[in-house]
Amino acid sequence: MTNLHIPLQDEHTLWTKLREGDRDAFGEVYRRYFPLLFRYCIRFTDNRHLVKDVLQDFFTQLYLKRQTLTIPERPKSYLLVSARRELVRRLGTETRRAGEPLQEEAYDFSLELSAENLLINRQHEEKKARHLQRSLYLLTDRQKEAIYLRFYESMGYDEIAGIMQLKEVKYARTLVYRAITELKAVLEKDGLLLSKH
Amino acid sequence: MTNYRHYEAADFVADASFQAWVQHGSNHEFWTGWQAANPDKASAITTARKLVEALRFHSTEVDPAEMTAVMQNINQALDQTKKNESSARRRLIYIISAAAASLILGILFLWPPSPATVTITTSFAETREVALPDGSRVILNANSRLRYQKSWSASREREVMLNGEAFFKVTSHPSGLHPKFRVHTPMGNVEVMGTAFNVHNRRGAVTVVLEEGKVKMNDLDMVPGDLVTVSATGSERRKVDPAKFLAWKDHRLVFENEPLSSIAAILEDTYGYTVQFRKTAAKDLRLTGTYPGNQIGLLLSAMRAVHGVKIEQRDSTIVIE
């Protein structure tokens, strides 16, 4: 693993340099954002090769089309939106190739609790963790995506709405709240929220 | 400053500052102060805390080696473009398809998706028991995938495709079905007559351990107690105690003078953790013992106690000093 200390350049300078064709700046953008984009994209498919292929194409195009690039105000959102669009397009092509009917916006978004959570020491708690895991499966893919962006990537509602191409910001908030309410209900039913330990 | 007076549990859960406090301990002073000043919100806060704590997701991260490989492909594509701007697009496609060609082995491996195929996958820390059409029993370890045709016939060998790790107890000579049973993996296949064995296929190598009966691994005859590993660099056969390799079925982890590097590989492959070593020397430290597979905390404590190393765990990342 490379643990080289890279001095933190501010985003605006970095993107300006990238636009001017600076390959080091491009490399830095890649290092900063590839892991984030990968762990997001891999939630839509378990095909690792496809995700890497999409991202390879995506970053190559980012550099080749640098001159037409508007320096993004929020690079993280910008990259997530663009990479997601590319991935969904490619997944659509793959589906068509497999002879399945193409459905707009029909995608899976997988969300699983971390192993640590599933391995809570006491057995009855493990059972609750499993319940919670099951309730996660019951959420819609869009709810899962919204709470992932909110909880894991700490994104604002406006950014979530942008990434998920929702017409209004309030829809992002609704998705997150509905998911939380459903999970809370499951945990309450199991008495997980009442127990003191 | 947000006015939290009218917040209910769900509002706290959704609040960025509250999340940051629970997840990373940020804004600690503010939140402890606020809690003290608003004792009537204690139960809402407790509920919200528990929810945020519960919502820690497993994340599949890119391997640094994969990241480097992709960057090399990109650099190659960009360098080609520089040399010949006019045919940029064509070259790019060429390089990308070359990269795709190198993955052909992997792609060939995926059976064409058809409704007649059954696919069973397990997530991290999950094992599943599967009964095959011939009555054979498979225990699929975590983070693994098993595929097979839905209906089997007398004219075609019984075949399954494995990615990950599984234990097989194969029915011998089932009536009306083909006598041969075969497990395919990217590094080769195991031919079976009716027997019990373990196949471990991760990180570009496949390891087969035979408990009873007789199998052939890529034309190599194995007898009980044999371990055969096949990887790109060649194959290796040695005698082992099969029990050690089958312990995962009973949710136990058995180590005998095992280097921490291979324990780290298990934590990553089976449980979905990311393990980082701060000092390379720690990779060669050894551990012996039996640990419950569903309490990784105990395993980590043992590693700390035996070697006096500092081990920190945050979400799905384990850092060994």
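The shown structure was predicted, so the numbers you read here are calculated from the model rather than taken from an experiment. Chain A is the first sequence line, chain B the second, and so forth, proteins listed ahead of strands; every chain is numbered from 1.
In terms of the ring-ring contact (aromatic ring centres under 6.0 Å, His included) criterion, A:Phe151 has no residue partners (sequence neighbours excluded).
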Q: Begin with the C-alpha distance, continue with both residues' side-chain angles, and end with the deciding distance and a verdict on salt bridge (Lys or Arg N to Asp or Glu O under 4.0 Å) for A:Lys184 and A:Glu182.
A: CA-CA 5 Å; A:Lys184 186 165 160 269; A:Glu182 284 177 29; over 6 Å; no
Q: For side chain to side chain donor-acceptor pair (under 3.5 Å), just list the numbers for B:Asn27 and B:Ser17, CA-CA rounded to whole Å, side-chain angles, deciding distance to a tenth of an Å, and then say yes or no.
A: CA-CA 7 Å; B:Asn27 321 320; B:Ser17 162; 3.1 Å; yes
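Only the side chain of B:Gln19 comes within less than 4.5 Å of a heavy atom of chain A; its backbone N, CA, C and O stay farther away. Neither the backbone nor the side chain of A:Tyr40 comes within contact range of chain B; no heavy atoms are under 4.5 Å apart. When heavy atoms are compared at a cutoff of 4.5 Å, A:Tyr177 approaches chain B solely by way of its side chain, counted from C-beta outward. At a 4.5 Å heavy-atom cutoff, A:Leu36 makes no contact with chain B through either its backbone or its side chain. Residue contact with chain A, scored on non-hydrogen atoms closer than 4.5 Å, involves the backbone of B:Asp15 exclusively.
Within 6.0 Å of atom NE2 in B:His24, more than 12 heavy atoms from other residues, nucleotides or ligands are found, so the atom counts as buried in its surroundings.
The candidate from B:Val52, B:Asn75, B:Thr68 with the greatest count of non-hydrogen atom pairs under 4.5 Å with chain A is B:Asn75.
Screening A:Gln143, A:Arg142, A:Arg173 for a side chain to side chain contact (heavy atoms under 4.5 Å, CB included) involving A:Arg178 leaves a single residue, A:Gln143.
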